[in-house]
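Starting from 1, each residue takes its place in the sequence as its number. Remember, it's a predicted structure, so these values are computed and weren't measured experimentally.
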Amino acid sequence: MSAKYRFLIPCTFLALATEAGGAVAADQSAPQNEQLQEIVVTAQKRSEKLDKVPISITAIDQATLNDQGVKDVKDVARLVPGLSLQASDELGDTNISIRGITSDTGAQTTGIYIDDTPVQVRQNVVSSNPYPKIFDLDHVEVLRGPQGTLFGAGSEGGTVRFLTPAPSLSDFSGFARSELAFTAGGAPSYELGAAVGGPIVQDKLGFRVSGWYREDGGYIDRVNPENGGVEAHDVNSSDSKVVKVAFRFAPTDNFSLTPSVYFQDIHTADRDYSYEGQRAFTELARIPQPHSDKFALPSLTAEYDLSWVTVKSITSYFKRTVNDVFDATSFELSGLIPYAGQYYGGITLPGHPGYLSVGSYHQGQNDWTEELRFSSPDDSDSPISWVGGVYYGHSIATSNEQYAEPFDQVGNYLSQYYGYGPGDSLSYFGEAPVDGKYSYIDRFKVRETDKAVFGDVTYAVLDDVKVSAGLRVALSSFDYIDYQDGPYGTAAPE
């Protein structure tokens, strides 16, 4: 029985906090979690204590995230009841669901938010949702049950929100985190990150900046599918980079502007799974199969506090690109070639043992969102609290799929196999490869626009009894273009 084990070396952790103008103090030996921390959440788009929110919610603060070694959404799922992940494709991408409510096509059923920006994707276009890596987060909120009134049509099952720390105008704070790990039979892993923030001009201008890098060492070897020889060791290494920069400008006591930029880049050198029935911790491919997923999220938040209402505007743009390359030889030929040649772990074209089909996906998200929100003051003593506003979102999602291979060889083999004599792709399939090399291409583009007016009112009958009523009126439009071509495609245009 084969196994690979990971050993951790205790990490270095540094936390600092100080009043503005004072000396920075660092105490690594101070006891943690001496008392329960009071968590303030914005699950109903206004600041409330966690135990006062009248919905099913789990909130995980930064201290718990660090103590539990939470690095990504998979770690969040193990801490939150009812939150689960499902594989969305053969590339290892995942989608998230709450209480088992999920969809295989169309709009998502779980909203994914980074601060106040929705980033979830429409199914069957981009392969999976984007998830921020867990570093320098104020807290994570998981809202169970329908959240359509405040968060829209993509939140029928619930909403997951990743909230980053706001820049402080008065106090300096920050922390650093590092880790070193070794995998028996694999490559080492390590991470290093730091965050700091505080006032630039006391009570007027503040900043928060963080950076994080992680390298996960590989433990899977790529094996030649024809002779079983090892081509490369520990190929499934991956690296992740995260940078967040935010400023807060408060020219008056009741008005502030907060511009920010969040950037994340994840790159995996090769796939990190192997099939049952083959040698453990190996993959069968003739080529490296890299995956990259990067996004940038600039946003601008303006907030104006009056004695009776808080007005907040959130403008954001989310741009994401996902690229995959993979060995599609067995997948492509298995549906076409009778009695195809067998090799160590798949199928190849008889007479052409080096036959190779290279598949690739190029996917993207481009989302504009604007929300203008009005809410009751957070510090109001009134038993009635309320929030309402207008929302606009415009999204363009693209997916380009293609398979490059010497497809004339397939046409020639099939022509001779069925007794037609020598041939090529054009003579057998009635169509030549696109641009002389693509057996199939698919260009898919989706445009979606959402406009909504929403409102929610909560009345505290007693301290522990609340009654809420809400309404959202939305107008959504959706259109798409799907272009397919190539001899291997279905309903290919002439």
Side-chain angles (χ1 to χ4, degrees), residues 2-16 26-29 32 60-79 85 92-94 130-138 140 162 164-165 173-197 208-222 230 232-245 262-274 280-283 288-296 322-323:
S2 299
K4 299 202 175 184
Y5 305 95
R6 175 161 292 183
F7 301 93
L8 292 179
I9 288 181
C11 66
T12 302
F13 180 80
L14 171 67
L16 60 93
D27 185 0
Q28 293 176 262
S29 63
Q32 297 181 8
I60 311 173
D61 63 8
Q62 186 181 79
T64 303
L65 293 171
N66 285 323
D67 291 345
Q68 294 293 324
V70 176
K71 302 294 195 300
D72 54 31
V73 69
K74 297 176 184 177
D75 294 325
V76 174
R78 66 178 168 83
L79 296 180
L85 299 173
D93 296 312
T94 59
Y131 304 107
K133 292 294 183 178
I134 309 299
F135 181 78
D136 194 32
L137 288 185
D138 184 80
V140 177
F162 300 88
T164 61
S173 65
F175 73 98
R177 189 177 76 199
S178 64
E179 181 181 282
L180 179 62
F182 295 93
T183 302
S189 304
Y190 62 92
E191 73 168 73
L192 180 64
V196 65
R208 181 80 179 187
V209 60
S210 63
W212 180 78
Y213 177 82
R214 181 175 179 87
E215 174 81 17
D216 285 295
Y219 53 88
I220 291 178
D221 299 335
R222 189 169 71 249
V230 176
H233 294 281
D234 305 330
V235 297
N236 62 318
S237 63
S238 65
D239 60 82
S240 305
K241 310 177 189 72
V242 178
V243 176
K244 172 72 184 296
V245 179
Y262 192 120
F263 174 79
Q264 179 171 289
D265 184 2
I266 301 172
H267 179 266
T268 302
D270 214 323
R271 298 193 185 187
D272 59 356
Y273 65 83
S274 59
F281 303 107
T282 61
E283 68 150 351
Q289 302 177 101
H291 166 85
S292 67
D293 186 346
K294 64 177 64 177
F295 69 73
V322 181
N323 293 297

Okay, side chain of [X], backbone of [Y]: is any donor-acceptor separation there less than 3.5 Å?
X: S178; Y: L192; result: no
X: D221; Y: V230; result: no
X: D138; Y: T164; result: no
X: Q62; Y: L137; result: yes
X: Q264; Y: K133; result: yes

For a quick test of reading the model, state the closest non-hydrogen atom pair linking [X] to [Y] and the distance between them.
X: D136; Y: F175; result: OD1-CE2, 3.5 Å
X: L85; Y: K74; result: CD1-CG, 3.4 Å
X: A269; Y: P288; result: O-CB, 4.4 Å
X: V140; Y: V76; result: CG1-CG1, 4.4 Å
X: A296; Y: F263; result: CB-CD1, 4.3 Å
X: Q68; Y: R78; result: O-NH2, 2.7 Å

How about NZ on K241, more than 12 heavy atoms from neighbouring residues, nucleotides or ligands closer than 6.0 Å, or not?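 Yes - once you tally the heavy atoms of other residues, nucleotides and ligands closer than 6.0 Å, there are more than 12.
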Partners meeting side-chain contact (heavy atoms from CB on, under 4.5 Å) with V245 (sequence neighbours left out):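 So V245 forms a side-chain contact (heavy atoms from CB on, under 4.5 Å) with V209, V243, F247.
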What's the spacing between [X] [atom1] and [Y] [atom2] if we round to 0.5 Å?
X: Y131; Y: I266; atom1: OH; atom2: CD1; result: 11.5 Å
X: I220; Y: H233; atom1: CD1; atom2: NE2; result: 14.0 Å
X: Y219; Y: S237; atom1: OH; atom2: OG; result: 11.5 Å
X: T268; Y: Q289; atom1: OG1; atom2: CD; result: 12.0 Å
X: D75; Y: L65; atom1: CG; atom2: CG; result: 9.5 Å
X: D61; Y: N66; atom1: CG; atom2: CG; result: 9.5 Å

Given R208 and K244, is the side chain to side chain contact (heavy atoms under 4.5 Å, CB included) satisfied, shown in steps? CA-CA 8 Å; R208 181 80 179 187; K244 172 72 184 296; 6.0 Å; no
Would you say the side-chain atoms of R214 and S238 include a donor-acceptor pair closer than 3.5 Å?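 Note: R214 and S238 side chains miss the donor-acceptor criterion.
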Will you find, in the side chains of D67 and T64, an N or O donor that is under 3.5 Å from an N or O acceptor?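 Side-chain D/A pair, D67 to T64: absent.
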Is any side-chain N of the basic residue among K71 and E179 closer than 4.0 Å to the acidic one's carboxylate O?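 Looking at E179 together with K71, the answer is yes, because their closest N to O distance falls below 4.0 Å.
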Please find out if less than 6.0 Å separates the ring center of Y213 from that of F135.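 Judged by ring-centre distance (under 6.0 Å), Y213 and F135 do not meet the cut-off.
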I would like to know whether H291 and V322 meet side chain to side chain contact (heavy atoms under 4.5 Å, CB included); could you show each step before the answer? CA-CA 8 Å; H291 166 85; V322 181; 3.8 Å; yes
Start with the C-alpha gap between V70 and I60, add the side-chain angles, then the distance that decides, and say whether side chain to side chain contact (heavy atoms under 4.5 Å, CB included) holds. CA-CA 10 Å; V70 176; I60 311 173; 5.8 Å; no
